[in-house]
Amino acid sequence: MVKIAVNGAAGRMGGRIITAIKESEGLELAGALEMAGHDMLGQDAGSIAGCGPLGVTITDSHEQALQNAEVLIDFTFPEVTLKNLEVCARLGKKMVIGSTGFTPEQRAAVEKFAEQIPVVLAPNMSVGVNACFKLLKETAKILGPEFDVEIVELHHNQKKDSPSGTAVRMGEIVADALGRDYQQSAVYHREGMCGARTKDEIGMQTVRGGDIVGEHTVYFIGMGERIEITHRAMSRDMFARGAVRAAGWIDAQQPGIYDMQDILGLK
């Protein structure tokens, strides 16, 4: 039985993760963490998640939340995640990170902590999205540099980072397959007389509105033909299921940084 703690336990994503843990064999909720001053502190995490009492109280104490847990799942923000990662490294706990928007410096900090504990860091925990990652790599290699690449992503109006971590990862995968440097190729803004599209650029377009869970389309556009690879998220449950799958998998791993491609055996 793998014992799991969830950060952001009173939030929408936290609730879906807690429910997914309850519904999974071999996994058990052992801790529930929220920020200091949260209205739900002291409440039963299962009741707040809507899956029934689980006997785990929501707390703002890392030590209490992690006392009986082996793995912490965190879908919050980079600054919060790094603080939690520091505590996990100190206490010898493993961590699954679904937060996005890390700067290169923050990513380097995650990798440093991963020298002490096993860490899964994935911009998208969906099995379907990770299958798309694999398809994008092969498609880019087959089509080569003659096809222009454009990426469009859509999310709800409360999402704070742009473009999404998933869209960035898609761009990185395509750029790597084509022998390009993503940081040099990515174009995030076009306006006015910006000139003709260059051969090597990868366009990154963002749409924000309503309650869109997440949608990503990568366009490979050639002369007289176009290939589109699209993934649409219908609910947050797929992210939650991927996260708990990662938590069960990482329990047996050595220190290091992993992603869903490792977990799914796609590398």
Side-chain angles (χ1 to χ4, degrees), residues 77-79 97-111 121-210 212-233 239 257-262 264 266-267:
F77 309 105
E79 295 78 11
I97 301 171
S99 308
T100 61
F102 289 92
T103 65
E105 293 76 17
Q106 289 170 329
R107 168 71 189 226
V110 174
E111 294 175 352
L121 175 63
N124 196 307
M125 299 283 179
S126 158
V127 173
V129 161
N130 280 275
C132 285
F133 288 165
K134 183 75 170 180
L135 292 172
L136 290 171
K137 180 178 180 179
E138 297 305 318
T139 302
K141 285 182 176 179
I142 292 170
L143 298 178
E146 299 307 315
F147 279 68
D148 297 325
V149 181
E150 296 282 317
I151 300 174
V152 179
E153 60 98 345
L154 298 78
H155 280 88
H156 54 87
N157 58 21
Q158 297 301 303
K159 186 169 178 60
K160 293 180 172 58
D161 58 314
S162 174
S164 70
T166 300
V168 170
R169 185 64 191 129
M170 287 176 164
E172 291 172 342
I173 289 169
V174 171
D176 183 67
L178 294 172
R180 302 174 188 169
D181 182 336
Y182 171 76
Q183 296 299 330
Q184 298 296 320
S185 298
V187 174
Y188 301 103
H189 181 75
R190 298 187 181 111
E191 183 180 8
M193 294 295 291
C194 56
R197 188 188 196 283
T198 64
K199 180 179 178 181
D200 290 339
E201 69 186 58
I202 297 174
M204 304 289 291
Q205 309 301 323
T206 295
V207 177
R208 294 287 178 266
I212 302 171
V213 176
E215 180 174 324
H216 298 82
T217 299
V218 180
Y219 298 87
F220 293 91
I221 308 169
M223 300 304 291
E225 59 183 333
R226 181 172 77 241
I227 294 174
E228 302 174 14
I229 296 178
T230 298
H231 180 273
R232 295 184 180 92
F239 305 126
I257 191 162
Y258 307 92
D259 60 20
M260 288 299 290
Q261 299 285 298
D262 294 302
L264 299 173
L266 296 177
K267 287 188 173 179

Gap separating the [atom1] atom of [X] from the [atom2] atom of [Y], nearest 0.5 angstrom:
X	Y	atom1	atom2	answer
M204	S164	CE	OG	7.0 Å
I257	I97	CD1	CD1	7.0 Å
T103	E105	OG1	CD	4.5 Å
I221	E228	CD1	CD	8.0 Å
H155	K160	NE2	NZ	13.5 Å

Inset, instruction - Output every pair passing salt bridge (charged side-chain N to carboxylate O under 4.0 Å, His left out) with a member in residues 170-183, not counting sequence neighbours, ordered by first then second residue. - result: R169-E172, R180-D200

With sequence neighbours excluded, what pairs up with [X] under the side chain to side chain donor-acceptor pair (under 3.5 Å) test?
X	result
Q184	none
T100	D161
Y258	none

Closest heavy-atom contact between [X] and [Y]?
X	Y	value
Q106	P78	OE1-CB, 3.5 Å
H156	V213	CD2-O, 4.5 Å
A167	P163	CB-CB, 4.3 Å
L121	D259	O-CB, 3.5 Å

Which donor-acceptor pairs under 3.5 Å do the side chains of residues 133-149 make with protein atoms, sequence neighbours left out?
unit_1: K134; atom_1: NZ; unit_2: L266; atom_2: O; d: 3.1
unit_1: T139; atom_1: OG1; unit_2: L135; atom_2: O; d: 2.7
unit_1: D148; atom_1: OD1; unit_2: R197; atom_2: NH1; d: 3.2

Inset, instruction - Pick out which of R208, H216, H231, K159 makes a side-chain hydrogen bond (donor to acceptor under 3.5 Å, both in side chains) with E153. - result: R208

Legend entry - Backbone N/O of N124 and side chain of N130: donor-acceptor pair under 3.5 Å: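 Checked: pair present.
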
Legend entry - G222 backbone acceptor or donor facing E225 side chain under 3.5 Å: no

Inset, instruction - If a pair satisfies ring pair (Phe, Tyr, Trp, His ring centres under 6.0 Å) and one of its residues is in residues 159-199, list it, with sequence neighbours excluded. - result: none

